[in-house]
Amino acid sequence: MRNFAYMITVLFLGLGMFTQGYLYELNYLFAGMGLLAAAVVLTLKQRQLRLHLGHFLLGGLVLLYWLSLLVAVDKEKAVLEAVRMTAMLPFALISTTLSKDQMQRIFRWFPYAGAVVAGVGIAGGLYRQGRLESTIGYANALAVCLLVCLLMTLLFYVSEGRKRDFVCMIIQSAGLLLTLSRSVWVLWALSLGCLLFIKEFRSKGLLLKIGAAHLTGYLLAAIVKGNFLFFWSRLQTIQPTTSEFRLRLVYWKDALAMLIDHLWLGAGGGGWSVLQAYYQSEPYYVRFVHNHYLQLAVDVGLPGALLFGGIVLLFYVKSSRWLLSTKPTASAWADFWPKGLMLIGTVMLLHAGFDFDFSFVLVIALLWLLIERVMAETPVEKIWPVKFKAIATSLLSAGLVVLLACTGWLAVGKAMQTKAQNEAAAGELETALHHTAKAQKMMPWAASTYYDMAKIYVQLGNQTKDPSQYQSALIQIEQAVSRVPQEELYRTLEIELRKSFKM
């Protein structure tokens, strides 16, 4: 069954590269269904789980997300965030069955995956506001993924010296530059500097080849951009007075104020997007705090942040022990991979403090894979194989099937809602009403479905001039407000509709 786990892991990571990194609801809902189904198959076949401390920390974090429903300001968003986190549980259970060799083979795909994603983005013109987004859909997240792939490519290039890795480096470097992600550029430069502390990189010939690959990548990016000075123009804007950095400081300050009021239980998943209007020190709207650690704390309180901190600490403790366990008399390459993987994990964790990378299920899955690789070097007694008898196996499988069914139900409901939104945008209002009503029946807790219905009735009222349509819209928006009283978007529409009846 290890080959099955290997194929599922490769398929999950590969699809994630081409489906916006599983950021959006339908993407991670269907991905979660696939992982849960694979976990059921593994459980029935193996009748055992291999557990370590990381699984218990992750399980505790998932449990907190579900418990946050009791205090969540928006049950709909809280359910979706809980399901997003829950998708990591089957991934963790599947990836822990991989052997060291299989994990290295998965890492071996990274150079090609990064090159393909960058190449597809450049060739397909997948840009937004002049920044390469490719199939990830967000420039900074793409930059993080490309930097992870580039660093992994460097590790394999140094250890194996394959020409294809040199070509991958060129394409990845060009893609990284075209994202115009300044924060990732800084981490890129720091990472290259840190690689010099790994003795295998301190070769003049090797450094010249790596430099040549980066220079060629720059020339390729400049040709695509049609401007050989684009890098320097963007580089000059790296300073604390830039508007983006100043706004991030505002988000963080306001998020801290929110956290103080929801210190122990949090505001529930997605609480930031609802409550920010009550805490913001200047007008803005952002779905995420742009700092994963603050976002996590606001969602599920300080206990959740501590659990995630435990996962991070586990990574560094196990990586350090792996590194220290390499004997001076061992192979010259003995400490090569622990140093390289620690560097890649550190890059990911640092950037998560400036953006919402770990809201992409793909990115947090990449981090978890690094954790599993260092855990594979842990003494056997620190990994607990839990074997199940027939009854226990059936119960565990039944639990996973229930999770699968619930996730599937939610996925169908969200798909129905998305279809209705597309129909409304296309002017097919009657059909949109029908599908939105179905979505409401499937997800009665989802305030957004009532908001969508209200907007459709407003559109019908505008077309037909029939006052009863506005009355129906008011009824729908009242339902939305009753579910999420703090949501300014819903309250604004309700106020506007009430004013229209008074005129």
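What's counted below: heavy atoms across the whole structure, side chains too, no hydrogens, waters or symmetry copies. One is the number of the first residue; the rest follow in order along the sequence.
Counting only heavy atoms from C-beta outward, the side chains of F166 and I210 never approach each other to under 4.5 Å. Between S359 and L23, some side-chain heavy-atom pair lies under the 4.5 Å cut-off. Contact of the K414 side chain with the M443 side chain is registered, since non-hydrogen atoms from C-beta on lie closer than 4.5 Å. Using a 4.5 Å heavy-atom threshold, the side chains of Q20 and T135 count as separate. Contact annotation: the side chain of R248 never approaches that of N291 to less than 4.5 Å [non-hydrogen atoms, C-beta and beyond]. Looking at heavy atoms from C-beta onward, M33 lies out of side-chain contact with L29 at the 4.5 angstrom threshold.
Taking the six-membered ring where the residue is Trp, F231 and W185 present tilted rings, their angle falling between 30° and 60°. Between W272 and Y251, the ring-plane angle classifies as perpendicular under the 30° and 60° cut-offs. Under the 30°/60° scheme for interplanar angles, the aromatic rings of F12 and F91 are found to be tilted. Between F356 and F360, the two ring planes are parallel [angle under 30°; tilted spans 30° to 60°].
In E282, the CD atom is crowded: over 12 heavy atoms of neighbouring residues, nucleotides or ligands sit closer than 6.0 Å. With a 6.0 Å radius and a threshold of 12 heavy atoms from other residues, nucleotides or ligands, W109 has its CH2 atom at or below the threshold. The number of heavy atoms from other shown groups lying within 6.0 Å of CZ (F354) does not exceed 12. In F197, the CZ atom is not crowded: 12 or fewer heavy atoms of neighbouring residues, nucleotides or ligands sit closer than 6.0 Å.
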### Query
Can W188 and S173 be said to form a side-chain hydrogen bond (donor to acceptor under 3.5 Å, both in side chains), step by step?
CA-CA 10 Å; W188 184 8; S173 298; 5.4 Å; no

### Task
Mind running side-chain contact (heavy atoms from CB on, under 4.5 Å) on L176 and L132 for me, showing each step along the way?
CA-CA 8 Å; L176 255 174; L132 182 67; over 6 Å; no

### Step-by-step side-chain hydrogen bond (donor to acceptor under 3.5 Å, both in side chains) determination, Q236 to W232
CA-CA 6 Å; Q236 289 171 357; W232 306 107; over 6 Å; no

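With S448 as the fixed residue, the side chain to side chain donor-acceptor pair (under 3.5 Å) test singles out one of K77, Q421, E76: E76. When each of Q280, E487, M258 is tested with L275 by the rule side-chain contact (heavy atoms from CB on, under 4.5 Å), just one qualifies, namely M258.
With respect to the salt-bridge test (charged N to carboxylate O, under 4.0 angstrom), the residues K100 and E377 qualify. Note on E160 versus R108: salt bridge recorded, some NZ/NE/NH1/NH2 to OD/OE distance being below 4.0 Å.
A donor-acceptor contact closer than 3.5 angstrom links the side chains of T86 and W66.
In plain terms, the two heavy atoms of F4 and A38 that are nearest each other are CE2-O, 3.7 Å. The shortest non-hydrogen separation linking L98 to Q102 is CA-OE1, 3.5 Å. Across L307 and L61, no two heavy atoms sit closer than the pair CD1-N, 3.5 Å. Contact between V158 and F201 at its shortest, heavy atoms only, is CG2-CE2, 3.2 Å. Scanning both residues, R131 and T179, for their nearest heavy atoms gives NE-O, 2.7 Å. Contact detail for V363 and C145: the closest heavy-atom pair is CG2-SG, 4.0 Å.
Note that the CD1 atom of I170 and the CG atom of D165 stand 11.5 Å from one another [nearest 0.5 Å]. To the nearest 0.5 Å, atoms CG (L370) and CZ (F107) are separated by 5.0 Å. Between atom CD1 of residue I171 and atom SG of residue C149 there is a gap of 12.0 Å, rounded to the nearest 0.5 Å. Atom-to-atom distance recorded for S183:OG and H290:NE2 is 11.0 Å, nearest 0.5 angstrom. Between atom CG of residue L341 and atom CE of residue M152 there is a gap of 5.5 Å, rounded to the nearest 0.5 Å. If you take CG on D452 and CD on Q417, they are separated by 5.0 Å, rounding to the nearest 0.5 Å.
In this structure, the side-chain hydrogen bond (donor to acceptor under 3.5 Å, both in side chains) partners of T153, at least two apart in sequence or on a different chain, are Q172.
For residues 220-231, there are no side chain to side chain donor-acceptor pair (under 3.5 Å) pairs, not counting sequence neighbours.
Both the sub-6.0 Å distance and the 45° axial angle are satisfied by R105 relative to the ring of Y6. Geometrically, R162 does not engage F156 in a cation-pi contact, judged by NZ or CZ lying under 6.0 Å from the ring centre and within 45° of the ring axis.
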